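Everything numeric in this text was worked out from a predicted model, so none of it was measured.
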Amino acid sequence: QVRLVESGGGLVQAEGSLRLSCAASGGTFANYAMGWFRQAPGKEREFVAGINWITTTVVAESVKGRFTISRDNAKNTVYLQMNSLKPEDTAVYYCAARVRGVRTAFRDYDYWGQGTQVTVSS
């Protein structure tokens, strides 16, 4: 059983930056593709970025050029660096894991963290 714990959320002004972290335990971290998703009130959970075990990344068009996903297999941690934040980025951000490659559908992920709130003020 893989356990995921996110951290790093908070309140930031528009155009600011935040870095989210997701620490994994209970499995062989390098075996998993990792994803970041977000969910705003009243909206479906949406894919933000994903990274597989050889660090190939996939990034949603809505955040491309602003957000970067990375992983440190030695620390069992995946990161989401968020720059040039906009009010529409406000959401709960979730870390997720699945075996093999990155997928953009949240239903394809097996393990989830509890989420961390990101609020961007205008």
Query raised in the report: Which is it for N52 and R100 under the side chain to side chain contact (heavy atoms under 4.5 Å, CB included) test, yes or no, and what are the steps along the way?
Result: CA-CA 7 Å; N52 69 8; R100 290 188 286 275; over 6 Å; no
Report summary line: Grouping ILVMFWY residues whenever side-chain heavy atoms fall under 4.5 Å, the cluster of Y79 otherwise contains none
Query raised in the report: Does NZ or CZ of R45 fall inside the cone over W112's six-membered ring, less than 6.0 Å from its centre and within 45° of the axis?
Result: yes
Query raised in the report: Got L80 and V48 here, is their nearest side-chain heavy-atom distance under 4.5 Å?
Result: yes
Report task. State, yes or no, whether a side-chain contact exists between V78 and I69 at a heavy-atom distance under 4.5 Å. Result -> yes
Only pairs under 3.5 Å count here: list side-chain donor-acceptor contacts from residues 115-122, not counting sequence neighbours, and write none if there are none.
{"unit_1": "T116", "atom_1": "OG1", "unit_2": "G9", "atom_2": "N", "d": "3.2"}
{"unit_1": "Q117", "atom_1": "NE2", "unit_2": "A91", "atom_2": "O", "d": "3.4"}
{"unit_1": "Q117", "atom_1": "NE2", "unit_2": "T119", "atom_2": "OG1", "d": "3.3"}

Taking distance alone, no hydrogens or angles, what donor-acceptor pairs closer than 3.5 Å link side-chain atoms of residues 10-35 to residues at least two apart or in another chain?
{"unit_1": "S17", "atom_1": "OG", "unit_2": "N83", "atom_2": "OD1", "d": "2.9"}

Query raised in the report: What distance do T77 atom OG1 and L4 atom CG have between them, rounded to the nearest 0.5 Å?
Result: 10.5 Å
Query raised in the report: At what distance, to the nearest 0.5 angstrom, does CZ of F67 lie from CE of M82?
Result: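 F67 CZ to M82 CE: 5.5 Å, rounded to 0.5 Å.
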Report task. Give a yes or no answer on whether the side chain of E6 reaches the backbone of C95 with a donor-acceptor pair at less than 3.5 Å. Result -> yes
Could you list the donor-acceptor pairs under 3.5 angstrom formed by side chains in residues 103-111, with sequence neighbours left out?
{"unit_1": "Y109", "atom_1": "OH", "unit_2": "R103", "atom_2": "N", "d": "3.2"}
{"unit_1": "Y109", "atom_1": "OH", "unit_2": "R103", "atom_2": "O", "d": "2.6"}

Query raised in the report: Who pairs with E61 by side chain to side chain donor-acceptor pair (under 3.5 Å), at least two apart in sequence or on another chain?
Result: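 E61 satisfies side chain to side chain donor-acceptor pair (under 3.5 Å) with K64 only.
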Requested in this report: Kindly write out the residues that satisfy side-chain contact (heavy atoms from CB on, under 4.5 Å) with E88, not counting sequence neighbours, or none if the list is empty.
Outcome: K86
Query raised in the report: Transitively linked via ILVMFWY side-chain contacts under 4.5 Å: I51 with Y93?
Result: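 Hydrophobic grouping puts I51 with Y93.
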Query raised in the report: Which heavy atom of R66 sits nearest a heavy atom of L85, and at what distance?
Result: NH1-CA, 3.9 Å
Requested in this report: Locate the shortest heavy-atom distance separating V63 from V59; write the atom from each residue and the value.
Outcome: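 Answer, listing the atom of V63 first, then V59: CG2-CG1, 3.5 Å.
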Query raised in the report: Ring centroid separation for F47 and F37, is it under 6.0 angstrom?
Result: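 Close enough - the centres of the two rings lie under 6.0 Å apart.
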